[in-house]
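Data first, discussion second: the structure below is written as C-alpha cells.
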Amino acid sequence: MAELADLPAGRQARTTLAMFYTYAIRSIKRTYIYVGLTNNYVRRIKQHNNGKEITTRPYAPFVTIIVEEYTTRFDARQREKYLKSGIGKEYLKKLK
C-alpha cells in the first residue's frame, strides 16, 4: 500500500508501507500444519496449494487456519517462532 509523505515546499513522495504476515495452513489430506512468514499471504498460500513449494508439496491442498498482520518483520518473525513451537502448534490444533 502506498501513501503520500509530506516533503518541504509542498512536494510529495510515495512511500510504501510494508506489512508482514504470519500465517498457518493445515493440510486437508494429511495431519500437517505449516507456519510461515510473508509480505503477501494470498500469493504465498496459492504457491503452497499449487505445489510450488518443495516442503509442502506432498501435503497439498491446504486450508488457512490463521493470518496475522504485523508492521515489522521482527514482530511477525517472533510470532512465527511462537507458532512453530510446541505450545504454538497445540494452539493451532485447537483452531481447526
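Along the sequence shown, the residues carry numbers beginning at 1.
- Heavy-atom contacts from other residues, nucleotides or ligands closer than 6.0 Å to OH of Tyr41 number 12 or fewer.
- A donor-acceptor contact shorter than 3.5 Å is absent between the side chain of Lys93 and the backbone of Ile33.
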Identify each donor-acceptor pair in which a side-chain atom of residues 55-67 lies under 3.5 Å from a protein atom, sequence neighbours left out, and give them as a table.
residue: Thr56; atom: OG1; partner: His48; partner atom: ND1; Å: 2.9
residue: Arg57; atom: NE; partner: Gly51; partner atom: O; Å: 2.8
residue: Arg57; atom: NH2; partner: Gly51; partner atom: O; Å: 3.3

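- Grouped with Leu37 in one hydrophobic cluster are Phe20, the linkage being side-chain heavy-atom contacts under 4.5 Å among Ile, Leu, Val, Met, Phe, Trp and Tyr residues.
- Rounding to the nearest 0.5 Å gives a distance of 14.0 Å between CZ of Arg79 and CD of Glu69.
- In terms of modelled atom types and a separation under 3.5 Å, the side chain of Thr22 and the main chain of Ala76 share a donor-acceptor contact.
- Note that CE of Met19 and CG of Asn39 are 11.0 Å apart. Values are rounded to the nearest 0.5 Å.
- We find the OH-CZ distance between Tyr34 and Arg44 to be 5.0 Å, quoted to the nearest 0.5 Å.
- Tyr21 and Phe74 fall into different hydrophobic clusters, where Ile, Leu, Val, Met, Phe, Trp and Tyr residues are linked whenever their side-chain heavy atoms come under 4.5 Å apart, directly or through other members.
- Residue Thr38 holds its OG1 atom at 9.0 Å from CD1 of Ile45, rounded to the nearest 0.5 Å.
- We find the CD-CD distance between Glu80 and Glu68 to be 11.5 Å, quoted to the nearest 0.5 Å.
- Following chains of ILVMFWY side-chain contacts shorter than 4.5 Å, one can reach Val42 starting from Tyr23, so the two form part of one hydrophobic cluster.
- Counting heavy atoms from C-beta outward, Arg26 and Leu92 have side chains that stay 4.5 Å or more apart.
- By the 4.5 Å heavy-atom criterion applied to side chains, Gln78 and Lys81 are counted as neighbours.
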